[in-house]
Amino acid sequence: MQLKKNHQRAWVEIDLSQLRRNFETIQEDKPDNLELLFVVKDQAYGHGAVAVSRVAKKFAEYLAVATMDEAIELRDNEIDDPILVFGERTEEELELCVAYGLTPCINDLAKAKTFEKIALKAGKKNNVHIEIDTGLSRYGIRWNEALDVVHSLVEFKGLNFEGIMSHFAMSDELDKSFALQQLRRFTEILTSLQKDGITFKYRHICNTGGYLDLPQAHFDIVRLGTLPLGVYPSEVCRRIPGIKPIMSVKAKIAATREIQVGDFVGYGMRYQAPSKRRIAVIPLGYGDGYPRVRNKGFVLIGNKRAPFIGGNAMDAMMVDITEIYGTKIGDEVVLLGKQGEEEITVREIANLSNTVTYDIMNSWRSRLPRVYLNSD
Ligand SMILES: *Cc1c(COP(=O)(O)O)cnc(C)c1O
């Protein structure tokens, strides 16, 4: 028997109409001629890449992912937007790029030669982007070597060098000095190439932090991952009114019980009741992606905050509901998101385990079904 998804024990809810509103808000915020690339890698940070990419079609000119499987999943679901695949590709993967019409990054001559051969064989002039490493030391041509390499790359006339990119190491903190240095390195290369008549349709360096705080770095297109999802990369970057999270995590109370003074709760005996308490068992644990915590954090029940007690297990966690009268089995629990006037943010959960918001967004495991609201 197939239970209706929202009658299951716990689930992730994605509000696609809020995603639409976030994109509309970004469109009002951005300069008119600036284009958007929506980064949907790692299942759009756990939101489900196919569902959010369908919504993005109206708003973003380009999509990006980090692996071939991610790109192919989009194509298999009839998503025909241009897709940039971040990182380096093997020869086999380059064949798939041509077959599926994907844009790889090509940063060395050997790969350009291989890719041109594959593309010509298929009778296609495939798009490629070139990545310049301006200081992250991850992918791309080191900035000081970039001019020579780019000059040689663009000689491969069987390829369409559509874009040139770089990536910031730190764009969302108050100290922008390194980001500005990276920007200078990138700009110098672009200026020099332009003097030699080498231009690109898409020059890009900004992620969300750069988009928000470094307007001078926008160029032709910005690569946004977290912002359309309604989550800011840091506490100090610029805010845009109207941007709100689209993900909630919810569950239903599986059991309630009374415990007496001195009773322990949970593995490792990390909580001992100071008085008679009423507790609820939530059928979701670190096996679903909630961080491992003990006696820390809250959930929302009956529009109030209920604190976790004890350590969480793989499949369950206990909360104190003594003060929330009338709570019963089956009541809805919000682990992430809003209930009434209360809200638990990604950042609040990230702070419990000293991690970043990205880590909490994409930590929710596939064990939790994704439920999409307002998908038309
Ligand atoms: C992940 C990623 C982005 C998106 O970053 P956000 O901070 O989520 O906007 C942009 N560019 C590259 C190269 C990335 O890897």
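Residues: numbered from 1 along the sequence shown.
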Just say parallel, tilted or perpendicular for the rings of Tyr358 and Tyr45, cut-offs at 30° and 60°. tilted
Any salt bridge between Lys176 and Asp213, counting N to O under 4.0 Å? yes
Salt bridge (Lys or Arg N to Asp or Glu O under 4.0 Å) for Arg305 and Glu323? Distances and angles first, verdict last. CA-CA 10 Å; Arg305 286 180 167 255; Glu323 314 295 333; over 6 Å; no
When you group the ILVMFWY residues by side-chain heavy-atom contacts below 4.5 Å and let the links chain together, are Tyr232 and Leu36 in the same group? yes
With side-chain contact (heavy atoms from CB on, under 4.5 Å) as the test, would you mind laying out the steps for Val85 and Thr103 before giving the verdict? CA-CA 6 Å; Val85 193; Thr103 309; over 6 Å; no
Stepwise side-chain hydrogen bond (donor to acceptor under 3.5 Å, both in side chains) check, Ser171 with Asn207: CA-CA 8 Å; Ser171 59; Asn207 53 1; 2.9 Å; yes
Between Glu162 (side chain only) and Val128 (backbone N and O only), is there a donor and an acceptor less than 3.5 Å apart? no
Please check if any side-chain donor atom of Glu145 sits under 3.5 Å from a side-chain acceptor atom of Trp143, or the reverse. no
Side chain to side chain contact (heavy atoms under 4.5 Å, CB included) filter on Tyr286, not counting sequence neighbours, yields Arg292, Asn312, Met314
Could you see if Ile132 belongs to whatever hydrophobic cluster contains Met170? Use Ile, Leu, Val, Met, Phe, Trp, Tyr and a side-chain cutoff under 4.5 Å. no
Look only at the side chain of Asp331 and the backbone of Lys328, and say whether a donor-acceptor pair between them is shorter than 3.5 Å. yes
For the ring pair Phe156 and Phe161, is the centre-to-centre distance below 6.0 Å? no
Here's one to test your reading of the geometry: is the NZ or CZ of Arg294 within 45 degrees of the ring axis of Phe308 and under 6.0 Å from its centre? no
Between the side chain of Arg223 and the main-chain N/O of Leu37, is any donor-acceptor distance below 3.5 Å? no
Main-chain N/O of Ala110 paired to Asp108 side chain as donor or acceptor, under 3.5 Å: yes
Step by step, work out the side-chain hydrogen bond (donor to acceptor under 3.5 Å, both in side chains) result for Gln18 and Arg21. CA-CA 5 Å; Gln18 184 58 49; Arg21 284 195 291 279; 2.9 Å; yes
When you measure from the side chain of Thr327 to the backbone N and O of Ile324, does any donor-acceptor pair fall under 3.5 Å? yes
Quick check on the 6.0 Å ring-centre criterion: do Phe38 and Phe59 meet it? no
Could you tell me whether Arg203 and Asp220 make a salt bridge, using a distance below 4.0 angstrom between a side-chain N and a carboxylate O? yes
Distance check, rounded to the nearest 0.5 Å: Lys296 atom NZ versus Arg270 atom CZ? 12.5 Å
Check this for me: does any side-chain nitrogen of one of Lys111 and Glu88 sit under 4.0 Å from a carboxylate oxygen of the other? yes
Kindly compute the distance separating CG (Asn127) from CG (Leu159), expressed to the nearest 0.5 Å. 9.5 Å
Asn303 side chain to Gly340 main-chain N or O, any donor-acceptor pair under 3.5 Å? yes
Is there a donor-acceptor pair under 3.5 Å between the side chain of Arg185 and the backbone N or O of Thr134? yes
Are Met165 and Leu84 side-chain neighbours, meaning at least one heavy-atom pair lies under 4.5 Å? yes
In the single-linkage hydrophobic clustering (I, L, V, M, F, W, Y; side-chain heavy atoms under 4.5 Å), do Met318 and Ile301 co-cluster? no
Quick one: pull up CD in Glu73 and OG1 in Thr67 and give me the separation to the nearest 0.5 Å. 9.0 Å
Does Ile279 share a hydrophobic cluster with Val299, counting links as ILVMFWY side-chain heavy atoms below 4.5 Å and allowing steps through other members? no
Closer than 3.5 angstrom, by distance alone: can the side chain of Glu116 be matched with the main-chain N or O of Lys157 as a donor-acceptor pair? yes
Using the benzene-type ring in the case of Trp, are the ring centres of Tyr372 and His47 under 6.0 Å apart? no
Check the pair Leu147 / Leu193 against side-chain contact (heavy atoms from CB on, under 4.5 Å), numbers first and verdict last. CA-CA 7 Å; Leu147 281 180; Leu193 291 170; 3.8 Å; yes
Would you please name every residue forming a side chain to side chain contact (heavy atoms under 4.5 Å, CB included) with Ala179, sequence neighbours left out? Phe168, Leu214
May I have the step-by-step check of salt bridge (Lys or Arg N to Asp or Glu O under 4.0 Å) for Lys244 and Asp15, ending in yes or no? CA-CA 10 Å; Lys244 295 198 185 104; Asp15 184 350; over 6 Å; no
Asn374 and Ser17: CA distance, side-chain angles, deciding distance, side-chain hydrogen bond (donor to acceptor under 3.5 Å, both in side chains) verdict: CA-CA 6 Å; Asn374 312 307; Ser17 62; 3.0 Å; yes
Charged tip of Arg75 within 45° of Tyr100 ring normal and under 6.0 Å: no
Between Tyr202 and Glu35, does a side-chain hydrogen bond (donor to acceptor under 3.5 Å, both in side chains) hold up when you go through it step by step? CA-CA 9 Å; Tyr202 289 123; Glu35 296 191 22; 2.8 Å; yes
State plainly whether one hydrophobic cluster holds both Leu153 and Phe86, where clusters connect Ile, Leu, Val, Met, Phe, Trp and Tyr through side-chain heavy atoms under 4.5 angstrom apart. no
Check: Gln182 side chain, Ala169 main-chain N or O, donor-acceptor pair, under 3.5 Å: yes
Ring centroid separation for Phe186 and Phe219, is it under 6.0 angstrom? yes
Looking at Gly46, is its backbone amide N or carbonyl O close enough to the side chain of Arg370 to form a donor-acceptor pair, meaning the two atoms are under 3.5 Å apart? yes
Apply salt bridge (Lys or Arg N to Asp or Glu O under 4.0 Å) to Arg367 and Asp288, showing your working. CA-CA 6 Å; Arg367 194 189 199 196; Asp288 298 280; 3.2 Å; yes
CD of Glu93 to OG1 of Thr90, rounded to nearest 0.5 Å, is 3.5 Å
Between Leu224 and Ile26, does the side-chain contact (heavy atoms from CB on, under 4.5 Å) criterion hold? Intermediate values first, please. CA-CA 10 Å; Leu224 304 182; Ile26 293 166; 4.1 Å; yes
Side-chain donor-acceptor distances from residues 253-265 under 3.5 Å, at least two apart:
from: Asp263; atom 1: OD2; to: Gln260; atom 2: N; distance (Å): 2.9

What verdict does the side-chain contact (heavy atoms from CB on, under 4.5 Å) test give for Ile344 and Leu300, after you've listed the backbone C-alpha separation in whole Å, the side-chain angles of each residue and the deciding distance to 0.1 Å? CA-CA 8 Å; Ile344 292 173; Leu300 306 179; 3.8 Å; yes
Hey, could you give me the CZ/CD distance between Arg20 and Glu24, rounded to the nearest 0.5 Å? 8.5 Å
In this structure, CD1 of Ile164 is separated from NZ of Lys201 (nearest 0.5 Å) by 16.0 Å
Are His204 and His129 close enough that their ring centres sit under 6.0 Å apart? yes
